[in-house]
Every structure is written in C-alpha cells, then in structure tokens.
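As structure tokens, the structure follows; a few thoughts come after it.
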Amino acid sequence: MRPYGKPWVIVNDFREAMDIQTHRTNEFDRAHFLGDIFKPLLPGNHVWMPTGDQFHTNRQLIRDTMSPAFLQQVAGPAIHTSTQGLLALWRQRSRLAQGHPFEAEGDIFRTTVDVILMTTFGFEIGAVKSLAISMSHTDRINLPADIDKPAIFPEVRDPEEFTSVRTLVDSVEIALNSPLPRLSLSFALKFFPSLIKARKYKDEMIGKRLKIAWSKFGERTASDTQIQCAADLLVKREVQMAQKEKRPVHHDTITIRDELFGFLQAGHETGSTTLCWAVKYLTAHQTEQRELRRALKYSYTRAAAANELPSAEEITKTSVPYLDAFIEETHRWGTTSSAIVRVATQDTTILGHRVPKGSDIFFLNNGPSFQTPAFHIDEALRTTTCREAKDRYGVWDQTDIRNFSPRRWLVKDANGEDRFDPHAGPAMPYGTGLRGCFDKKSYVVSPPTTNPPPDGGFGAWLQVFASWVLIFNAWGISITYGDYQAFYESGRLFEGQTSSNISWIGSIQAFLIFAVGALVGPFYDRGYLRLILLAGSFLVVWGHMMLSLCTEYWQVLLAQGFAVGIGGGCLFVPSLAVMQPYFSSNLGLALGIAATGSSVGGVIYPVIFINLIDKVGFAWTTRAIGFVALATLVVPLTFSKMRTKPPGVRSIIDKSAFTDGPYWLCILACFLGYTGCYAAFYYIAYFSEVRGWVSSSLALYLVPILNAASAFGRAVPNWLADKIGPTNVVMPGAFMTGVLLLCNLAVHNAAGIILIAIFLGFFSGVFIATPPMLFIRLTKDKSKVGTRVGMAFAVVGLGVLTGGPGGGAVLQHDVNRLDWTSMWIYAGVASLASGVVFLILRTRLGGIKLVVKV
C-alpha cells in the first residue's frame with residue numbers, strides 16, 4: 001500500500017480482533033503506520049511508541065489522568081461547564097433560526113476544545129460562551145424562504161487558542177493523504193507558516209501552564225486538592241516518580257509537553273466526532289430520544305423536579321443504564337475510529353493465513369460482526385484463547401443488527417430493572433488490551449458500577465427499620481428530656497439550679513447530636529460504619545449507667561449532657577446516610593418513616609420514666625432506659641449496611657457554602673424554628689404543672705402525648721414533600737407552630753394544654769423530619785451533601801441552646817416570678833419568624849407562583 005512497504009492485512013471479525021489485542025501481544029504491537037502519522041507532531045508521546053521501557057514510563061506518568069478522582073473532580077466539571085455554554089449558544093441559534101435547521105458541527109468542535117483546554121491546562125478560552133453572548137445581542141439574521149433550508153449565521157473569529165489547536169489537530173491529514181506520511185508532515189510543520197505559528201503558540205501556552213504547575217508541585221508542598229488540570233497532575237507525578245526512583249526531577253521535558261498536547265489532541269478529536277454522531281442519531285431517531293429523556297428525568301429526580309440541569313457530580317455518579325446503552329450504540333454505529341491498527345512483530349498466522357513480520361493489520365470497527373452479520377469462520381482456524389472466549393461477548397440479533405437500537409445493550413436484573421451490559425455484543429470503538437486507546441474515559445466518564453437505588457424491597461426497608469431504631473435512641477432519648485427537666489425542677493435529685501441552668505443539660509445533649517454528627521461524617525465516608533455505631537451505642541448506654549449514679553448538677557451535665565449527647569451524635573449521621581443509596585423517588589417517605597423513631601422513642605422512654613420514677617427511684621429508672629437502649633441498638637449493629645461507600649471523604653467545611661444565599665436562608669429559618677420548638681419541648685410539662693391545671697403525673701405525660709402526635713408530623717410531611725416540595729411543606733408548618741406557641745397565652749385548663757400539645761407535636765414534627773431533605777435539595781453538587789448537611793445542623797443545633805437555656809433565661813428574667821407570657825411570646829415569635837424566612841426562601845427558589853414544587 002506504500003512504496004516498498006509490506007502488504008496490509010484487513011481483519012473484519014470481532015472475536016479475532018479481540019483475541020489478537022488481548023492475548024497475542026507478543027506477536028503484534030503498535031503499528032509503524034501510527035508512528036509515520038503522529039511522531040513528527042508528537043515525538044515524545046506514547047501513542048506511536050512500540051511497547052517498551054519508554055512506553056511504560058510514559059504511561060506511568062499519565063496514568064492518573066484516567067483515575068476516577070481526576071475524571072470526576074476535574075474533567076467532569078469542565079465538561080459540565082462547557083456543555084452549559086453550548087446549550088446557551090444553541091438556544092440563541094434556535095431563537096434566530098426560527099424553526100430552520102442549523103449546522104452544529106463547528107459548535108461541538110469549539111466546545112470540545114474548551115473542555116480539553118480546561119482539563120489539560122486549567123483555563124477556559126470561552127469560544128462557545130463568547131459566541132453565545134455575542135449572538136444574544138443579535139435581533140435577526142437573513143433566513144431562506146424554505147423552512148427546510150438551514151439558517152446561515154455570520155462567520156465569527158475564533159480565539160487564537162482554538163485556531164492553533166484546530167490547525168495542529170488537522171495537520172495529521174497531511175500525513176494521512178500522503179504516500180510518504182512522515183516526511184510530508186515533518187516538512188509541513190517546519191515550513192508551512194500557519195503550522196509554524198500554531199506550534200509557537202502551542203509551545204508558549206504549554207510553557208506558561210507548566211511554569212505554574214512547577215511552582216506548586218516542584219517542591220512537593222502542594223496537596224492533591226490543588227490539582228486543577230492534567231498539567232498539575234503530570235508535574236506532581238514526575239516529582240513522585242523521581243523520588244521513588246531516586247533520580248533528579250526532569251523539568252519541562254518533551255515527554256511532559258507532548259503527553260499534554262496528545263491528551264488535548266486525542267481527547268478533542270474523539271470527543272467531537274462522537275458527539276457529532278450522537279447529535280445525528282438523536283435527531284434521526286426520535287423514539288430513542290424520547291426514551292432517553294424519560295430515563296434521564298427518572299434518574300435525575302432532583303434536577304427534573306427543579307427544572308434545571310443535573311450537576312456534574314450527579315451526572316458522573318449516577319448510573320443511567322439507558323444513557324450508557326445509547327452511548328455504546330452510538331459508538332457501534334458512529335465508528336469514531338474506523339479501524340484499530342497493529343503490526344506483526346514476527347512471522348505469524350491469522351485465521352490460518354500466513355502473515356509476514358512487519359505487516360500492518362487493520363481491524364475494522366464496522367461491517368460484519370458489528371453492523372452486519374458476522375462471517376462464518378471455522379472454529380478450528382481460531383486460537384485456543386479465542387475459542388475459550390467465545391461466550392464472553394454476546395452476538396447481535398441478526399434480524400435487527402442493522403438498526404440503531406440502544407436497548408440491545410440492556411438486560412433485566414433480578415428485580416426486573418434495566419441493567420447495562422457492556423458485553424452484550426461486538427463493539428470495539430477504541431481498541432482494547434495494553435495498546436487500547438488510553439483516552440476513552442475522557443468522554444465516557446464511568447458512573448458507579450452499582451445498580452440504581454432499588455427504591456424499595458426488603459433490603460431497603462430493613463435499612464429504614466435499622467435507621468428508625470437509631471433515631472429512636474438518638475432523638476427519642478433527647479426529646480424525653482422535657483420530663484427530666486420537670487423532675488430536676490422539683491429538687492428531688494439536686495437543688496439550687498435555675499430553669500435555664502437545668503435546661504443546659506438537655507440542650508447540650510441535643511446540640512451535640514447535631515455537632516458531633518458533622519465530625520463523624522468523614523469517618524462514615526471512610527467506611528467505618530460499624531465502629532461509629534459501636535462507639536455511639538456504648539456512649540448512650542454507658543452515659544445512662546453513669547447518670548444513675550449522679551447526685552450533683554455537674555455530674556448530670558457530664559453524663560446526660562455530654563456522654564449521651566456525643567453517643568447520639570454518632571448514631572444520628574448513619575441513620576440518615578445509610579438510607580440514601582437505597583432510595584430515589586421514595587427517599588422523602590423513607591426519611592419520614594425513619595424520623596418517626598424519635599416520636600415513638602419520645603413516647604416509650606417518657607412512659608418508662610413516669611411509671612418507674614416513684615416505684616424504683618431515679619437510679620433504676622435511668623438504668624432501665626439504658627437497658628432498653630442496649631437491647632434495641634442490637635438491631636442496627638446487626639443489620640445496618642452501607643450499600644455503596646462514598647467515592648471520597650467529605651470535608652468538614654465547604655467554603656462555597658458561605659456564598660450560597662438559599663442555603664443560609666434555610667439555616668436561619670431552621671435555627672429560628674428550633675428555638676421555638678425546643679422551648680416548648682422543655683417547658684410544656686413544667687408549665688402545666690406549676691399552673692396547677694394538671695397533676696404532676698399528667699404533666700409528665702404531656703411530653704409523650706406531644707411526641708406521639710409528632711410521629712404523624714414527621715411521616716406525613718415528608719411523604720407530601722416528595723409530591724409538592726419540602727419548602728412548601730415546612731413553611732406552613734413553621735407558621736402553625738408559631739401560632740400554637742402563642743396560643744399557650746390563652747390556655748386556662750387541662751383540656752386546652754393537652755390539645756395544644758397534640759397539635760404542636762404534629763406541626764413541630766415538620767422541623768425534625770424535613771430539614772435533611774431540604775438541605776439535600778439545596779445542594780447541587782451531591783459530593784458535598786454530607787458536608788453541607790453537617791455544617792447546617794451544626795449551626796441549626798445552636799437553636800436548641802437558644803430555645804432551652806434561652807427560653808429559661810426569659811422565663812426567669814425576674815428572679816421573683818416565672819414570666820410565662822414572655823417565654824411563650826419568645827418561642828412563638830421565633831417560630832413565626834422562621835415561617836417568614838421560609839417564605840422568602842420559597843419566593844427566591846420558585847418566584848411568586850402559587851403552584852410550584854420547591
């Protein structure tokens with residue numbers, strides 16, 4: 001095929017191609033043909049190199065550019081940002097085209113250059129974004145009379161970064177079209193003015209970015225969190241390799257420069273071509289497009305409900321089987337690379353035919369096996385490894401092999417759900433084996449290998465039950481404190497403490513459940529679920545055993561406030577985190593059901609306290625509560641199970657949260673709501689007793705009555721929040737809680753206080769069950785959910801302190817009397833203010849529309 005060259009061998013059989021690339025690497029290697037095309041442009045890149053020491057050194061240098069962390073933290077956000085720019089541009093083109101078709105290929109090329117420059121060098125040229133802004137100022141363009149004729153837009157001048165990259169990428173066509181490819185391209189790169197200018201700009205661009213990278217990583221002072229692009233990664237990797245091999249660091253080598261530009265060139269070329277084919281197939285196959293839209297809306301429920309794009313984090317970490325199937329079917333038909341090329345390194349045979357050493361072998365990616373029925377080949381002509389791998393891949397149905405059908409890649413799992421099967425049939429768009437295309441993952445960012453959340457079933461609901469038990473003991477014990485408050489106020493255990501001082505015990509306990517939860521989160525992310533549950537269970541039980549021995553205020557504060565509070569914090573985070581991977585559309589219902597554990601605990605534990613305190617005394621009453629906690633905590637210790645380990649360890653602080661207005665509005669609203677609620681939780685029993693409306697025993701029962709009603713206030717609102725949005729649920733709940741707290745000013749008998757307790761329990765339950773769901777919805781980057789929720793609850797937990805001790809300070813601001821009027825006004829106004837802030841949040845998220853899911 002070339003002067004004085006060996007013959008070319010064309011193989012059009014999937015099984016044989018796979019066998020040669022994966023099992024016969026000692027007979028075949030990277031083709032010299034690729035060296036003729038790419039070596040003049042990329043002499044230091046591994047793409048053309050024969051397999052050997054230099055090839056392996058280069059691959060070691062760049063290996064982390066395909067790591068999940070780099071793809072999800074650097075490449076994913078770059079793709080997401082540039083794609084938003086592309087969509088903005090297409091909206092402007094659609095507006096001006098007025099129903100006419102328009103050419104999209106150039107826009108896709110510009111977008112992929114933006115993506116690769118951001119991923120490789122960490123800067124954005126904004127070729128697409130600037131074009132969209134420019135077009136937004138255009139009122140109209142000249143359109144053809146025929147609606148089917150494409151709209152022609154005025155030519156634009158692209159940034160120099162884009163033209164330089166495109167010029168160099170396109171230069172390989174000089175080699176492809178020449179009988180002497182290496183010589184022709186080498187001559188062009190040295191003497192063509194456009195290529196000289198493009199190479200100069202490319203070298204300056206790479207040099208500037210490498211200088212920044214060396215300043216960060218040259219002395220090994222920077223952390224992984226400072227990696228912003230592939231240039232940073234390669235420099236850091238070179239420093240690590242030099243340290244390991246005990247050699248000097250090689251600064252600014254041709255290897256680093258050419259690997260970076262090769263990353264750019266290959267990623268742009270394969271990415272833009274694949275995207276062009278995808279757009280073509282989406283346009284041509286409307287049924288498949290509609291099915292893809294349905295699958296995306298089903299998988300990205302938050303984004304669909306908010307009518308916005310899913311975040312980069314959601315896209316890279318959510319498995320959408322039909323999307324995977326559509327991508328693979330696009331590869332099968334699009335044939336981004338029409339052939340994989342190898343060279344015979346020795347005299348060998350292929351399917352019984354002699355192939356001399358030095359022959360280039362072309363494995364076609366289209367035609368028989370892929371898009372048409374495979375050739376019949378005698379199995380005796382195949383190698384042993386090829387025959388053994390016969391059943392590793394499926395064979396396409398011959399009746400529809402010529403059709404574009406993503407569903408051919410899907411199978412049903414045990415639950416009847418679609419599952420993507422990458423081995424469903426022949427497809428080999430990027431090659432395979434050691435010399436397969438290294439850059440495939442840049443455009444096929446692998447989602448989690450786990451299936452989508454089951455959203456139900458025995459295993460999922462068993463986790464809900466285990467979480468219910470955790471909340472039963474974390475919050476059920478905490479909200480029992482209203483009865484402890486009334487008991488301590490009586491002076492039967494210790495004397496000389498004000499209501500405010502006594503309420504510090506329960507307030508610290510509740511606050512620590514929130515605050516410790518934020519600190520426990522990173523340990524949960526590392527997979528230490530069992531250790532966290534053991535530590536929390538021990539502290540809760542041990543704290544009660546120590547409490548049973550206490551006779552002084554400070555002793556009670558340490559045992560009940562700190563020990564039990566820290567233990568509850570260890571139980572609280574797993575109770576929420578374990579459930580999330582098991583549910584999608586039913587997550588709100590699952591969280592609501594689990595949240596009722598606190599209400600049931602808030603009924604059972606007070607009843608135990610009330611019925612035993614006068615019979616066996618404080619010590620054995622407290623021990624009995626500890627033994628109940630010990631027995632019930634066996635359930636989560638046995639059955640709680642992490643379905644998926646988080647991809648990374650969360651930070652305790654997310655700096656981006658400090659500029660997130662809706663997030664802080666929600667925190668402020670919840671803080672105010674907790675202030676009002678906890679004033680009621682701690683003082684309603686004491687209030688009814690000192691007013692003389694009820695007996696001491698009935699006063700203590702007000703706490704379990706309130707908590708029983710709260711069970712419905714936790715499950716029902718979360719179920720409703722799945723339908724109409726959490727903000728629409730929590731806002732009226734806040735207003736109603738404020739009104740009920742103020743109604744205490746008008747209560748004058750037992751019936752009135754009992755009714756207040758029932759209704760207050762129901763509506764205040766909204767503040768307990770809804771906030772986790774609300775903070776999850778407000779966090780667009782789901783990798784930061786744990787951090788954002790932990791930060792929020794650490795601040796919201798302060799509302800417990802302002803509600804308990806704060807309410808107590810208001811109650812006893814006059815040492816001569818208890819000022820219940822001021823206390824209930826304080827609590828009621830705080831809750832009403834919470835409702836006002838939620839109203840502002842709702843308006844900011846959904847506008848002034850009455851019917852909107854927010």
**Study point:** Shortest non-hydrogen contact between Ser359 and Val355, atoms and distance
**Key:** CB-CG1, 3.8 Å

Check your understanding: Are more than 12 heavy atoms from other residues, nucleotides or ligands located less than 6.0 Å from atom NZ of Lys202?
Key -> yes

Check your understanding: Got a sec, which residues hit salt bridge (charged side-chain N to carboxylate O under 4.0 Å, His left out) with Glu238, two or more places apart in sequence or on another chain?
Key -> Arg247

Point to revise | Listed partners of Val395 passing side chain to side chain contact (heavy atoms under 4.5 Å, CB included), at least two apart | key: Gln398

Review point. Within the side chain of Asn403, is there an N or O that forms a donor-acceptor pair under 3.5 Å with the backbone of Ser405?
Key: no

**Study point:** Steps toward side-chain contact (heavy atoms from CB on, under 4.5 Å) verdict (Ile227, Phe217)
**Key:** CA-CA 9 Å; Ile227 293 176; Phe217 296 96; 3.7 Å; yes

**Study point:** Any donor-acceptor N/O pair, Arg237 side chain to Ile62 backbone, under 3.5 Å
**Key:** no

Check your understanding: For atom CD of Glu155, is the number of surrounding heavy atoms from other residues, nucleotides or ligands below 6.0 Å larger than 12?
Key -> no

**Study point:** Leu185 side chain near Ser171 side chain, heavy-atom distance below 4.5 Å
**Key:** yes

Review point. Any donor and acceptor pair, going by atom type alone, linking the side chain of Thr253 with main-chain N or O of Ile256 inside 3.5 Å?
Key: yes

Review point. Quick one: ring-ring contact (aromatic ring centres under 6.0 Å, His included) partners of Phe70, sequence neighbours excluded?
Key: none

Check your understanding: Quick one: does Asn12's side chain have a donor or acceptor within less than 3.5 Å of a partner on Ser369's backbone?
Key -> no

Exercise for review: Return the set of residues passing side chain to side chain contact (heavy atoms under 4.5 Å, CB included) with Glu204 (not counting sequence neighbours), or none when no residue passes.
Suggested key: Lys200

Exercise for review: Applying ring pair (Phe, Tyr, Trp, His ring centres under 6.0 Å) between Trp409 and each of Trp396, Phe326, Tyr322, report the one that passes.
Suggested key: Trp396

Review point. Looking only at atom types and distance, does a side-chain atom of Asp13 sit under 3.5 Å from a main-chain N or O of Pro368, one as donor and one as acceptor?
Key: no

Point to revise | CA sep, side-chain torsions, deciding dist, call: Leu234, Thr255, side-chain contact (heavy atoms from CB on, under 4.5 Å) | key: CA-CA 10 Å; Leu234 263 63; Thr255 297; over 6 Å; no

Study note, to complete from the structure: Closest heavy-atom pair, Thr111 versus Thr83, reported as atoms and distance to 0.1 Å, is CG2-N, 4.4 Å

**Study point:** Contact list for residues 367-388, test ring-ring contact (aromatic ring centres under 6.0 Å, His included), sequence neighbours left out
**Key:** Phe14-Phe370

**Study point:** Short side-chain to backbone donor-acceptor contact, Thr112 and Phe109, under 3.5 Å
**Key:** yes

Check your understanding: Where the side chain of Thr120 meets the backbone of Ile116, is there a donor-acceptor pair that is under 3.5 Å apart?
Key -> yes

Review point. Salt bridge (charged side-chain N to carboxylate O under 4.0 Å, His left out) with Arg166: which residues, sequence neighbours excluded?
Key: Asp170

Check your understanding: Which residues satisfy the ring-ring contact (aromatic ring centres under 6.0 Å, His included) test with Phe187, sequence neighbours excluded?
Key -> Phe191

Point to revise | Residue Asp53 excluded, over 12 heavy atoms near CG under 6.0 Å | key: no

Exercise for review: Name all residues meeting the salt bridge (charged side-chain N to carboxylate O under 4.0 Å, His left out) criterion together with Arg332; count only those two or more places apart in sequence or in a different chain, and write none if there are none.
Suggested key: Glu329

Review point. Which pairs with one or both residues in residues 175-194 pass salt bridge (charged side-chain N to carboxylate O under 4.0 Å, His left out), sequence neighbours excluded?
Key: Asp36-Arg182

Review point. Does any N or O in the side chain of Arg408 come within less than 3.5 Å of the main-chain N or O of Asp400, such that one atom is a donor and the other an acceptor?
Key: yes

**Study point:** Between His285 and Gln289: side-chain donor-acceptor atoms closer than 3.5 Å
**Key:** no

Exercise for review: Examine distances only and state if a side-chain atom of Asp360 and a backbone atom of Trp8 form a donor-acceptor pair shorter than 3.5 Å.
Suggested key: no

Point to revise | salt bridge (charged side-chain N to carboxylate O under 4.0 Å, His left out) between Arg342 and Asp29, worked out | key: CA-CA 5 Å; Arg342 297 289 183 267; Asp29 199 3; over 6 Å; no

Exercise for review: Go through the structure and list residues passing side chain to side chain contact (heavy atoms under 4.5 Å, CB included) with Asn26, not counting sequence neighbours.
Suggested key: none

Check your understanding: Nearest heavy-atom pair of Glu105 and Cys276: which atoms, and what distance?
Key -> CG-SG, 4.0 Å

Check your understanding: Residues in side chain to side chain contact (heavy atoms under 4.5 Å, CB included) with Ala389, at least two apart?
Key -> Arg392

Review point. Taking all atoms of both residues into account, what is the closest heavy-atom pair of Pro43 and Pro40, and its distance?
Key: CD-O, 4.1 Å

Exercise for review: For Glu27, check salt bridge (charged side-chain N to carboxylate O under 4.0 Å, His left out) against everything at least two apart and list the hits.
Suggested key: Arg24

